[in-house]
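Pasting a structure here, questions to come.
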Amino acid sequence: MKIILYFIFFIGFLFGNTLVSAKQILPCFNRSSGPEKQCLAEKKEDKRKNKSNKKVLTPPQKKQFVSSVAPNQKKYNKTSGNSRNEILELLQRLAEKKAISSIIPLLQDSEAYVRDAAIEVVGQLNVRQAVPGIIPLLQDINGDVRDKAIKVLVQFRAKEAISSIIPLLKQKDSKTRIDAMAALLQLEAKEAIPDIAALLKDSDSNVRMEALNTLREMQGTEAIPEVTALLKDNESNVRIRAIEILTLLQGKAALPAVMPLLQDKDDAVRLSALRALQELGAQESIRGIMPLLRDNNAKIRFAALALLAKIKAKEAIPGIVLLLQDSDFEVRGNAISVLEDLQGKAAIPSIMPLLKDNVGHVRLRAINSLSKLQREALIPHLVAFLHDSDDRVRIRAMGLLKEFRDENKGISEKDVIPHLLPLLQSSDKNTRYTAVATLKDLQATGAVSSIVPLLRDSEIEVRLAALESVAKLQGQEAIPTIIHFLKDKDPAIRVGAMDALVELQGKEALLHIAPLLHDEAIEVRSQTQEKLSQMQDPLLTNLINKATTLLLVLCPILAFLPLFLTGKKFFASITVFIVSAFLLYRLADASLVVPYLRKGTMWREMYQTGLLFVFAGAMFLKLSWWIIVNLFKPSTDFEEDNITSKLN
């Protein structure tokens, strides 16, 4: 074996000398003893000395190889020196050159850590042809080598190794047995099922659990007798897993074996058996389930109820009725639903007392059941529900009010509305929201003043509901507040305010909502355009908008134009200016593009003042120019005398 290592080192060293760049600096390594301290680079200058320094792969050097190539392996004692560095450089070159033929022989090295590292390198390089050399290592005396061999063989999907992996199921090391099962599962080795089934009797519970899991994945029906035997295992988690696997592999055929576990001493096992029966839905299991209605564990009573409901076990009704008084509120609530399903209207007398249960969840379940069985039975209790301590009960009661109103059940709205108003002040946002919506549905116009404060609620959903309700109830007194919300920071509120304002004012709202055409939010702009298109003729609106924009630009020009005209053109331009200014102000009141120029706005006053200032300035300059021209214009007599003198 050492001869092979010598040969590998020699070949690698030759490759290293020819490929290493002259610029590459090799690190220096000081010896632990002796006077010599020099670098590999210096040693290359003296060939004779370099040859004398070559060493074989000693065990300490092999350990350095393992710690470098396979860092996840067991750590060994480290040594330092030039030889170690040369080995590392050599192995690095071998890996870079993928010198497979030189690495595979190391799989049979006498040192365990070398074999381990060789397997690691083979796996990293994905050397499939090394499989024949790895398979014998499944019987290696070193556990780390065996584990690494299993891992790499699975990586290569080496089915030819299955016959060699199966014997590992009998290894003393439980980890090896577990790893072997995992490998056989990944290799889909169904032929190993009998050997894996034998591990169901293993002394290690972890091995038994892994064997169960493996058989489940392999669908090992031939191991059913061994799995059934584990229903009596000492470990509760093993029994639970056996129940699950039998249910999966056998279906209803597993019932005879699973039923006795309904009486298991472990709560978790009984619960697992119940769940298994629930999946199977077996009618014949009713007698075994009914005693569990009196089980000490509330979860088991709950699961037993669910199973009895699934299999429609009407013979269990007397026991279920008793659970309406159970100490666990979830059991009581579930019992209500089960009785509703099994008895129908006959369950009403049993459920009615639970309308006063001390837990809101149970009261709500009772209300929901009675609303399906006999809604009218709830009418006398509606007012009490509106004052319930549980928000969910109050919300459900308000929903019932709307339903009864739609069904004309004879609910007196005048008697109910006063009990709804306090709910507008609830700390629960859902209650406030539902109260607002219910008042709207009941057409409670007298509640507008109580709803208006909710326009400033902290929750956006409540504010939107309040806006809609005020609009539907025609709360005209809320218009100033709604106009204010047209400038709210939330786009949804601005849209809601616009819709409410249109609902309340109709076309009169145009003046207020038109600015939203220039809103920063595209959804607000689009909603505004849609709303305006429904209220106005689109063609006329477009014509007014364009004419207003044109006159807005044209009027300042017309105000300044008379300065440059004379005669009839001068007076005509003044007339055109006056007419244009008049049309601008009339169109501005109807236009949607310049709402800021409507009558009474600050911008209109500023624009009008500026326009008059421009016109007055033009007239002043025109008059001044006329005075100057006429003041300094020479007289006619003077001009005639001047011409006569020139002629003479």
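The analysis underlying the following values was restricted to heavy atoms, covering all of them including side chains, and did not include hydrogens, waters or symmetry mates.
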Any side-chain heavy-atom pair of L231 and L246 under 4.5 Å: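 A side-chain contact under 4.5 Å exists here.
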Pairwise salt bridge (Lys or Arg N to Asp or Glu O under 4.0 Å) hits with a residue in residues 203-220, at least two apart: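 Salt bridge (Lys or Arg N to Asp or Glu O under 4.0 Å) check on residues 203-220 returns R208-D233.
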Lys/Arg N to Asp/Glu carboxylate O, K440 vs E468, below 4.0 Å: yes
Minimum side-chain heavy-atom gap L200-L215 below 4.5 Å: yes
Contact summary for V269 and R239, nearest pair of heavy atoms: CG2-NH2, 3.7 Å
Chi angles and distances behind the side chain to side chain donor-acceptor pair (under 3.5 Å) call for R270, N297: CA-CA 10 Å; R270 297 199 303 278; N297 190 310; over 6 Å; no
A303: partners by side chain to side chain contact (heavy atoms under 4.5 Å, CB included), with sequence neighbours left out: L271, L274
Partners passing salt bridge (charged side-chain N to carboxylate O under 4.0 Å, His left out) against R275 (at least two apart in sequence or in another chain):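 Here no residue qualifies.
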S458 side, atom OG; K429 side, atom NZ - distance, nearest 0.5 Å: 9.0 Å
Contact list for residues 471-490, test salt bridge (Lys or Arg N to Asp or Glu O under 4.0 Å), sequence neighbours left out: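 Residue pairs with at least one partner in residues 471-490: R463-D488.
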Exercise: identify the closest heavy-atom pair between Q343 and I317: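 That would be CG-CD1, 3.5 Å.
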Over all atoms of both residues, closest heavy-atom pair of V362 and G333: CG2-N, 4.4 Å
Student check: side-chain heavy atoms of L442 and R405 closer than 4.5 Å: yes
Distance-minimising heavy-atom pair for P380 and A377: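 So the two residues come closest at CD-O, 3.6 Å.
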CD1 on I289 to CG on L262, rounded to 0.5 Å: 6.5 Å
Separation between CD1 of I482 and CG of D499, rounded to the nearest 0.5 Å: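 Going from CD1 on I482 over to CG on D499, the span is 10.5 Å.
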Separation between CG of L454 and CZ of R432, rounded to the nearest 0.5 Å: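 Between L454 CG and R432 CZ, I get 7.0 Å after rounding to 0.5 Å.
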Listed partners of T431 passing side chain to side chain donor-acceptor pair (under 3.5 Å), at least two apart: D428
Short side-chain to backbone donor-acceptor contact, S272 and A268, under 3.5 Å: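 The answer is no, because no donor-acceptor pair under 3.5 Å joins these two groups.
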Residues that A435 engages under side chain to side chain contact (heavy atoms under 4.5 Å, CB included), provided they are two or more places apart: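 Expected list: M398, L423, L424.
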Any donor-acceptor pair under 3.5 Å from Y433 side chain to L464 backbone: no
Contacts of D441 that satisfy salt bridge (charged side-chain N to carboxylate O under 4.0 Å, His left out) - sequence neighbours left out: none
Any donor-acceptor pair under 3.5 Å from K310 side chain to Q278 backbone: yes
F582: side chain to side chain contact (heavy atoms under 4.5 Å, CB included) partners, not counting sequence neighbours: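 Partners of F582 by the side chain to side chain contact (heavy atoms under 4.5 Å, CB included) criterion, ordered by chain and then number, come out as R586.
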Side-chain heavy-atom pair L486, R494 within 4.5 angstrom cut-off: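 No, too far: nothing below the 4.5 Å cut-off.
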Heavy-atom check, side chain of M352 versus side chain of Q374, under 4.5 Å: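 Of all side-chain heavy-atom pairs linking Q374 with M352, none is under 4.5 Å.
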E188 side chain vs L185 backbone, donor-acceptor pair below 3.5 Å: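 No.
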Qualifying residues under side chain to side chain contact (heavy atoms under 4.5 Å, CB included), relative to A444, sequence neighbours excluded: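 Side chain to side chain contact (heavy atoms under 4.5 Å, CB included) list for A444, sorted by chain: I417, L439, A447.
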Minimum side-chain heavy-atom gap L293-L308 below 4.5 Å: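 The answer is yes, as the side chains (C-beta and beyond) meet within the 4.5 Å cut-off.
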CD1-CG distance between I493 and L455, expressed to the nearest 0.5 angstrom: 9.0 Å
Side chain to side chain, H419 and H387, heavy atoms closer than 4.5 Å: yes
Evaluation steps, side-chain contact (heavy atoms from CB on, under 4.5 Å), between T221 and I224: CA-CA 5 Å; T221 54; I224 286 175; 4.2 Å; yes
Residues in side chain to side chain donor-acceptor pair (under 3.5 Å) contact with Q325, at least two apart in sequence or another chain: none
Qualifying salt bridge (Lys or Arg N to Asp or Glu O under 4.0 Å) pairs, either residue in residues 378-390, two or more places apart: R363-D388, D390-R392
Value rounded to 0.5 Å, distance of OG in S371 from CZ in R396: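 It comes to 4.5 Å.
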side-chain contact (heavy atoms from CB on, under 4.5 Å) assessment of H512 paired with Q505: CA-CA 10 Å; H512 302 291; Q505 288 189 308; 3.7 Å; yes
NZ/NE/NH1/NH2 to OD/OE distance under 4.0 Å, K312 and D341: yes
Pairs involving residues 320-340, ordered by first then second residue, that meet salt bridge (Lys or Arg N to Asp or Glu O under 4.0 Å) (sequence neighbours left out): R301-D326, R332-D357, E340-K372
Heavy-atom closest pair, residues T247 and E279: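 Heavy-atom minimum between the residues: CG2-OE1, 4.0 Å.
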Verdict with supporting geometry, T438 and V416, side-chain contact (heavy atoms from CB on, under 4.5 Å): CA-CA 11 Å; T438 304; V416 172; over 6 Å; no
Test item: K531 side-chain N/O and M498 main-chain N/O as donor-acceptor pair under 3.5 Å: no
Flag, side chain of S469 to backbone of V436, donor-acceptor distance under 3.5 Å: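 Flag set: sc S469 to bb V436 pair under 3.5 Å.
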Closest non-hydrogen atom pair between R241 and E244, with its separation: NH1-OE1, 2.5 Å
Audit row: T528, D519, side-chain contact (heavy atoms from CB on, under 4.5 Å) steps and yes/no: CA-CA 9 Å; T528 306; D519 195 90; over 6 Å; no
Test applied, side chain to side chain contact (heavy atoms under 4.5 Å, CB included); reference residue, F385; option that passes from L378, I395, L401: L378
Student check: side-chain heavy atoms of E403 and L400 closer than 4.5 Å: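 E403 vs L400: side chains touch.
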